[in-house]
Amino acid sequence: MNAEPRHGSKVPFGTSVRDIASSFGDRDPLPEDDPAPYERPASGEEPGSSNEVKALIQVVVDIVSVLAVVAFCRLFVMAPFVIPSGSMENTLGINDRILTTNGITKGMAKPRRGDVIVFTDPGNWLDNSSQVGQKSDYLVKRLIGMPGDTVACKGSGYPVTVNGVALDEHSYLRPGVQPSGFPFEVTVKADHVFVMGDNRSNSADSRYHLDDSNGGQVPMENIKGTAMVTYFPFGSWKFLNNRHSVFDAVPDRQPR
């Protein structure tokens, strides 16, 4: 009897590859020759477009978050101001940018002698100062006298005194300037402060307004904040030492 060979059998002419594959019962049939047609996502979006939209939304959320943090800090933590004149040289220069206490921090750091403070014009001080035309109603000076204090000076060559105690102001006065080029004496009334610039020869401060309605004094409600740090120019960032130690020996007095 002639046996049909298992391997090397001749295949009749015209037999397709699929027919040959189907003769092996234990093997999967070959796939169709033509691939399945491309199906567009049900949403009608191109692949990847959903990820792009999500990324764009995240960028917008990040920007809004940053702006919200900046706004919060501006309203409740720190407020920025520009130094418009040379009255506080060399502590602060013209066009320096400073951050002051504001909102929450203002309540935590109440003004003290020695602080550099920002305040609104208490009585047309800007009319005769070098800050005219700066588009700002703010001034920056150093707080010298608190309510009840008597601030005085005998003039050129003499120190400023507070409640009879002479101040050593060399740590913040501009080199070469006198504590005051002319004599004065004033007792600070309740809810007011007495201020002076560090560049005394170029500072139209409380001394120059003794005859105005407030006697040259700044209402405490006008104080917008205490200067804490300079942030511009970028190469000269610094924390402001408000020189409280200069006033350590000064006794407190109650306003009359």
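Note: hydrogens, waters and symmetry copies are ignored here, and every other heavy atom, side chains too, is used.
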Hey, are the side chains of [X] and [Y] touching, using non-hydrogen atoms and a 4.5 Å cut-off?
X	Y	result
D205	S87	no
L139	L126	yes
D149	T187	no
F194	R207	yes
D198	E89	no
I98	V118	yes
R97	F81	no
T230	F239	no

Which distance, rounded to the nearest 0.5 Å, do you find between the [atom1] of [X] and the [atom2] of [Y]?
X	Y	atom1	atom2	answer
M196	S206	CE	OG	8.0 Å
T150	R253	OG1	CZ	5.0 Å
C153	Y158	SG	OH	9.5 Å
D137	T120	CG	OG1	6.0 Å
D115	K110	CG	NZ	13.5 Å
W237	L99	CH2	CG	9.5 Å

Residue pair S180, R200: steps toward the side chain to side chain contact (heavy atoms under 4.5 Å, CB included) verdict: CA-CA 6 Å; S180 182; R200 301 281 165 83; 5.8 Å; no
Charged N-O contact under 4.0 Å between E169 and R174: no
Carboxylate-amine/guanidinium contact D168 R243, below 4.0 Å: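 Looking at D168 and R243, the cut-off is not met.
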Verdict with supporting geometry, T161 and V151, side chain to side chain contact (heavy atoms under 4.5 Å, CB included): CA-CA 6 Å; T161 63; V151 184; over 6 Å; no
Steps toward side chain to side chain contact (heavy atoms under 4.5 Å, CB included) verdict (E221, D191): CA-CA 8 Å; E221 64 183 9; D191 301 320; over 6 Å; no
Would you confirm whether [X], through its side chain, and [Y], through its main-chain N or O, come within 3.5 Å as a donor-acceptor pair?
X	Y	result
T100	G225	no
D212	G216	yes
D96	G93	yes
R142	G197	no
D121	G123	yes
T101	T226	yes

State, to 0.1 Å, how close [X] and [Y] come at their nearest heavy-atom pair, and which atoms those are.
X	Y	value
S171	V246	OG-CG2, 3.9 Å
G148	N163	O-OD1, 4.2 Å
V82	N95	CG1-CA, 4.0 Å
V193	P147	CG1-CD, 4.4 Å
A190	H192	O-ND1, 2.7 Å

Intermediate values then yes/no, side chain to side chain contact (heavy atoms under 4.5 Å, CB included), S201 and N199: CA-CA 6 Å; S201 61; N199 185 7; 3.4 Å; yes
A quick test of your reading: do over 12 heavy atoms of other residues, nucleotides or ligands sit less than 6.0 Å from [atom1] of [X]?
X	atom1	value
K189	NZ	yes
D211	CG	no
F182	CZ	yes

In terms of hydrophobic clustering (I, L, V, M, F, W, Y; side-chain heavy atoms under 4.5 Å; direct or indirect links), are [X] and [Y] co-clustered?
X	Y	answer
M220	V188	no
L210	V160	yes
Y208	V140	no
V165	I144	yes
I94	F232	no

D252 and R113: CA distance, side-chain angles, deciding distance, salt bridge (Lys or Arg N to Asp or Glu O under 4.0 Å) verdict: CA-CA 11 Å; D252 292 331; R113 300 185 193 98; 3.0 Å; yes
Aromatic ring pairing Y172/F247, orientation class (parallel under 30°, perpendicular over 60°, tilted between):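 Ring orientation of Y172 relative to F247: parallel.
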